[in-house]
Amino acid sequence: MSNENRPKSSHWADINAEKIIREKGKKEHYTCASGITPSGTVHIGNFREIISVDLVVRALRDKGENVRFIYSWDDYDVFRKVPKNMPKQELLETFLRKPITLVPDVLGTEESYARANEKNLEELLPVVGVKPEYIYQASKYRNSEYAEGIKKALENRDVIRRQLNESRTTDLPDDWYPVSVFCAKCDRDTTKVTGWDGHYGVEYECESCGNKETVDLKTTAAVKLPWRIDWPMRWAYEDVDFEPAGKDHHSEGGSFDTARKTSLEVYGQEAPVTFQYDFISIKGRGGKISSSTGEVVSLIDVLEVYTPEVTRYMFAGTRPNTEFSISFDLDVLKIYEDYDKCERTYFEKPESPKALKKWEKQARIYELSQVDGIPEVMPYQIQIRLLSTLLQIFSGDVDRVIEYLGDVKPQQVDKLKAKAQCAWNWVKNFAPEDFKFSLREDTDDKIEVGEVEGKALKLLSDKIEAYMDSCDEKEFSTHLYDVARELEIETSDFFPVVYKALISKEKGPRLISFLYIIGKEKLVSLLGKY
RNA sequence: GGGCCGCUAGCUCAGCUGGCAGAGCAACGCCCUUUUAAGGCGUGGGUCACUGGUUCGAACCCAGUGCGGCUCACCA
C-alpha cells in the first residue's frame with residue numbers, strides 16, 4: 001500500500017485488521033482461520049468465507065504484521081447426505097454415516113471423495129491470489145493429534161453440557177459425552193459412548209454392527225469432537241485470532257455463541273475476533289446448468305465470466321454482512337464497468353484532501369482486488385460492450401482484436417487477453433440472443449432481398465469503396481443516408497437489410513461505427529455482390 | 001420465541017468511525033442530417049420507512065414502532 005498522505009482506510013478489511021490488533025494485543029504473528037466441510041462441490045458461497053479471510057489477512061500484512069493464514073478442511077465430518085449433483089448416487093448412499101475422507105471419489109481418481117472436492121478448490125485458489133496453509137482435520141484426528149483437546153472436553157463434560165443446554169430445547173441426557181466415535185469396525189458414527197476412564201480410555205458400542213470396545217485417545221483414529229466443541233478446541237490448538245462465519249453460526253444460540261463459552265471456560269482463551277458474512281445468490285443462469293437438481297455454482301464457473309481481479313472486486317467491494325448476487329446476465333457488463341471505473345480512479349489520484357477521501361475508498365478496494373500486486377501501467381481500458389462486439393466481429397480471435405485496437409501496450413496484453421476470454425465466454429454462454437451476432441462469411445450465399453434493397457446494398461458498397469478511406473465516421477454518415485435517399489426507401493427499411501446482409505439479423509450495433517470496425521475490404525466483399 | 005440484516009429517486013443500489021443526499025438504468029430534452037444493442041451534452045425527479053432522543057449539525061449514533069428477508073433453537 002502506498003502511504004504518502006493517504007487518508008486512513010475505512011475499508012472493512014482494514015477495520016477488522018485494526019480490531020484484531022486492538023483486541024488480541026500486539027503479537028509476533030496473528031493466526032487467521034477459515035474452514036469448510038468438503039461434503040460436496042465447494043460452491044461460491046463457501047468461497048466468501050475464504051476470500052473474506054484473505055482480505056483481512058492482506059489488510060494485516062499491509063500493516064506490517066506477520067500472519068498465518070490457515071484453512072481447515074473438515075474432512076473428518078460425517079457424510080450425512082448425498083448431494084444431488086453427484087454421480088453414482090447408489091454407491092454414495094452406502095457410505096452414509098462414515099467420515100467423508102473414507103468415501104470414494106466418484107468424480108475421478110482422487111484418493112477420496114473429500115480429497116476430490118478439496119483439490120478442485122485448492123488448484124483454483126492461487127488463480128485469485130489466495131494461498132492459505134491447508135490443514136486436514138481427518139489427518140489430525142486420525143493421528144490423535146487432538147488427544148489432549150478431546151480429553152479436556154471429557155474432563156469438562158458437565159460444563160459443556162450446561163453450556164449447550166442453555167440454547168437447546170431438549171436437554172442433553174446425563175449419560176451424554178462430548179465426543180463422537182466412528183466405529184473401528186464399520187467406520188460409521190452410529191455409536192454410543194458408554195464410558196470414560198477419566199484418562200484416555202473411551203468405551204463405545206456400535207449400534208449398526210454391534211462392535212464394542214475401549215479405545216485409547218492417544219492412539220485411536222476413531223474419536224472426534226462434535227462441531228460445537230471441535231471448533232473451540234481448534235481455536236486453542238492453533239491459537240486462532242480471527243475467524244469469520246456465516247450467519248447460520250452467528251445467531252444467538254448458534255454454534256459461535258456456544259463455542260465462545262466453551263473456548264473461555266474449557267480451553268481457557270477468548271474466542272477469536274469474528275464477523276458474520278451473509279450468503280450470496282446467483283442471478284441469470286436460468287436453466288443453463290441446472291436441470292434436475294440444485295444448481296451448484298462454484299469458483300470455476302464464476303471465473304469463466306469474471307477475471308480474477310473482478311471476482312475479488314465483487315467481494316472486496318461489498319461489506320461482508322450484506323447479501324449480494326453474482327450475476328451471469330447483463331449485469332456482468334455493469335460489474336466490469338464499475339471495476340474499470342474503480343481502476344481509472346486508482347490511477348488518477350486527486351490532490352485536494354476532500355477528493356482524496358473519496359478516492360481512498362475506491363483505491364483501497366482496487367488494491368485488495370489485485371491478484372499479484374498493482375500493475376505498473378494502467379490496464380488497457382475498453383468497455384466490455386465494445387470488446388464483446390469486436391470479439392464477435394473477429395469470431396473470438398483476441399489477437400486480431402488487439403491488432404485492430406492498435407494501441408495496446410505490451411504490458412497490457414496479458415490482462416486484456418484474460419478480460420477478452422471472459423467476455424467471449426459470456427457472449428457465447430450467457431448473453432441474451434439480441435446481443436449476439438456473427439459476421440457473415442464471404443462464401444455464404446446472398447440473402448434474399450427485393451430489387452430495391454439489392455440496389456441499396458450495392459450502392460452502399462460502392463459508396464464505401466469510394467469514400468470510407470477519406471471520410472471519418474461523421475462525414476461518412478452522410479453517404480450512408482444518401483443511399484436511402486437516392487433510392488427513396490425509408491431508413492427504417494434500409495437499416496435492417498444492411499444488418500441482414502452483414503450478420504443475418506435485423507438489428508445490430510450502431511451502424512456507422514459498426515461499418516468502420518468491420519472495414520472496407522470485408523464490407524465490399526459482403527455487400528458488393530448484390 | 002430469540003438473533004441478525006434491510007427499508008435512500010420510477011427501478012437496482014452506493015453513501016454508515018456524524019459535515020452541502022449520490023451513481024447506474026429508466027424518463028424527458030437537445031446534438032451526432034434519423035429510431036434500433038456500444039455515442040455526446042443537459043434536465044427533472046427525494047418526508048433517506050415511522051416516532052422520539054443525543055448533537056452546533058443525523059440517512060448515518062441511541063431508544064422504540066411498522067414492513068420485508070434471513071437465521072438459530074437437530075446436525076454440521
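Chain naming here is simple, since letters A, B, ... match the order of the sequence lines and numbering starts at 1 in each.
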Open item on the list: Of the listed nucleotides (C70(B), C4(B), U36(B)), which one gets closest to any side-chain atom of F495(A)?
Closed with: U36(B)
Task: Whole-Å distance separating the CG atom of D278(A) from the P atom of C72(B) - done: 12 Å
Open item on the list: Using a 4.0 Å heavy-atom cut-off, does T389(A) contact any base of the nucleic acid, only the sugar-phosphate backbone, or nothing at all?
Closed with: nothing
- [ ] Let me know the distance between CZ of F324(A) and C1' of G24(B), rounded to the nearest Å.
- [x] 18 Å
Open item on the list: Using whole Å, what does the distance between atom P of nucleotide C16(B) and atom CD1 of I15(A) come to?
Closed with: 9 Å
Task: D482(A), nearest nucleotide to its side chain (from A76(B), U33(B), U17(B)) - done: U33(B)
TODO: Could you please name the option among U71(B), U35(B), C75(B) that lies closest to any side-chain atom of R168(A)?
DONE: C75(B)
- [ ] Choose from A23(B), C16(B), C72(B) the nucleotide whose nearest atom is closest to any side-chain atom of K361(A).
- [x] C16(B)
Task: side-chain hydrogen bond (donor to acceptor under 3.5 Å, both in side chains) between T37(A) and D77(A), worked out - done: CA-CA 7 Å; T37(A) 304; D77(A) 286 356; 2.7 Å; yes
Open item on the list: Please report the distance separating the P of A14(B) from the corresponding atom of U8(B), rounded so that it comes out in whole Å.
Closed with: 10 Å
TODO: Can you figure out which of U71(B), A38(B), U17(B) approaches the side chain of Q383(A) most closely?
DONE: A38(B)
Task: Pairing partner (Watson-Crick or G-U wobble, both distances under 3.5 angstrom) of G1(B) - done: C72(B)
Open item on the list: Do R440(A) and L502(A) make a side-chain contact, defined as non-hydrogen atoms from C-beta onward lying under 4.5 Å apart?
Closed with: no
Task: Whole-Å P distance, U43(B) and G22(B) - done: 13 Å
Open item on the list: Roughly how many Å apart are G69(B) and C75(B), using the C1' atom of each and rounding to a whole number?
Closed with: 24 Å
- [ ] Find which nucleotide of RNA chain B each of L225(A) and F514(A) is nearest to by heavy atoms, and output the residue with the more 5' nucleotide.
- [x] F514(A)
Task: Student check: side-chain heavy atoms of N16(A) and F275(A) closer than 4.5 Å - done: yes
Task: Rounded interatomic separation in angstrom, taking CG from L515(A) and P from A37(B) - done: 17 Å
Open item on the list: Can you tell whether the side chains of R188(A) and E207(A) come within less than 4.0 Å, N to carboxylate O?
Closed with: no
Task: Salt bridge flag under 4.0 Å for residues D62(A) and R364(A) - done: yes
- [ ] Look at the side chain of W227(A) and decide which nucleotide, out of U71(B), A76(B), G2(B), has an atom nearest to it.
- [x] A76(B)
Task: Atom C1', compared across G10(B) and G45(B): separation rounded to whole Å - done: 9 Å
Task: C1' gap between C28(B) and C50(B), integer Å - done: 33 Å
Open item on the list: Can you see whether F315(A) has R48(A) sitting over its ring - NZ or CZ less than 6.0 Å from the centre and within 45° of the normal?
Closed with: no
Task: R228(A) side-chain N/O to C72(B) phosphate OP1/OP2 under 4.0 Å - done: no
Open item on the list: How many whole angstroms separate atom CD of Q362(A) from atom C1' of A14(B)?
Closed with: 10 Å
- [ ] With the side chain of K341(A) defined as its heavy atoms from C-beta on, choose the nearest nucleotide among C74(B), A23(B), U36(B).
- [x] A23(B)
- [ ] Evaluate the ring planes of H250(A) and F256(A), with Trp represented by its six-membered ring, and classify them as parallel (under 30°), tilted (30 to 60°) or perpendicular (over 60°).
- [x] parallel
Open item on the list: Side chain of S255(A) only, heavy atoms from C-beta on: which candidate in U71(B), A76(B), G3(B) is closest?
Closed with: A76(B)
Open item on the list: Both distances below 3.5 Å, Watson-Crick or wobble geometry, any strand: find the nucleotide opposite A37(B).
Closed with: none
Task: Closest-nucleotide 5' rank along RNA chain B - winner of Y481(A) and G317(A) - done: G317(A)
Task: Interatomic distance where CG belongs to D74(A) and C1' belongs to C75(B) [whole Å] - done: 13 Å
Open item on the list: Rounding to an integer number of Å, can you tell me how far I229(A) CD1 sits from A76(B) C1'?
Closed with: 12 Å
TODO: Tell me what I517(A) touches on the nucleic acid: a base, only sugar-phosphate, or nothing, going by heavy atoms under 4.0 Å.
DONE: base
Task: Selection from A76(B), U71(B), U35(B) that lies nearest to any side-chain heavy atom of H249(A) - done: A76(B)
Task: Any side-chain heavy-atom pair of V78(A) and I100(A) under 4.5 Å - done: no
Open item on the list: Could you identify the nucleotide paired to G45(B), looking across every strand shown and requiring Watson-Crick or G-U wobble geometry with both distances under 3.5 Å?
Closed with: none
Open item on the list: Roughly how many Å apart are G40(B) and A9(B), using the C1' atom of each and rounding to a whole number?
Closed with: 24 Å
- [ ] Rounded off to whole Å, could you give me the CE-to-P distance for the M233(A) and A76(B) pair?
- [x] 13 Å
Task: Base-pairing assignment for G24(B) (Watson-Crick or G-U wobble, both under 3.5 Å) - done: C11(B)
TODO: Please state the C1' separation for the pair U55(B) and G18(B) - nearest whole angstrom.
DONE: 9 Å
Task: G1(B) to C61(B) separation - P atoms, rounded to the nearest Å - done: 26 Å
- [ ] Determine the contact category for F437(A): base if any of its heavy atoms lies under 4.0 Å from a base atom, sugar-phosphate if only primed atoms, P, OP1 or OP2 are that close, otherwise nothing.
- [x] base
Open item on the list: Can you tell me if R319(A) touches the phosphate of A14(B), counting only side-chain N or O atoms and a distance under 4.0 Å to OP1 or OP2?
Closed with: no
Task: Side-chain N or O of S388(A) closer than 4.0 Å to phosphate OP1/OP2 of A38(B) - done: no
Open item on the list: Does P496(A) reach a base, just sugar-phosphate, or nothing at all? Heavy atoms under 4.0 Å.
Closed with: nothing
Task: Nucleotide paired to C61(B) in any strand shown, Watson-Crick or G-U, under 3.5 Å - done: G53(B)
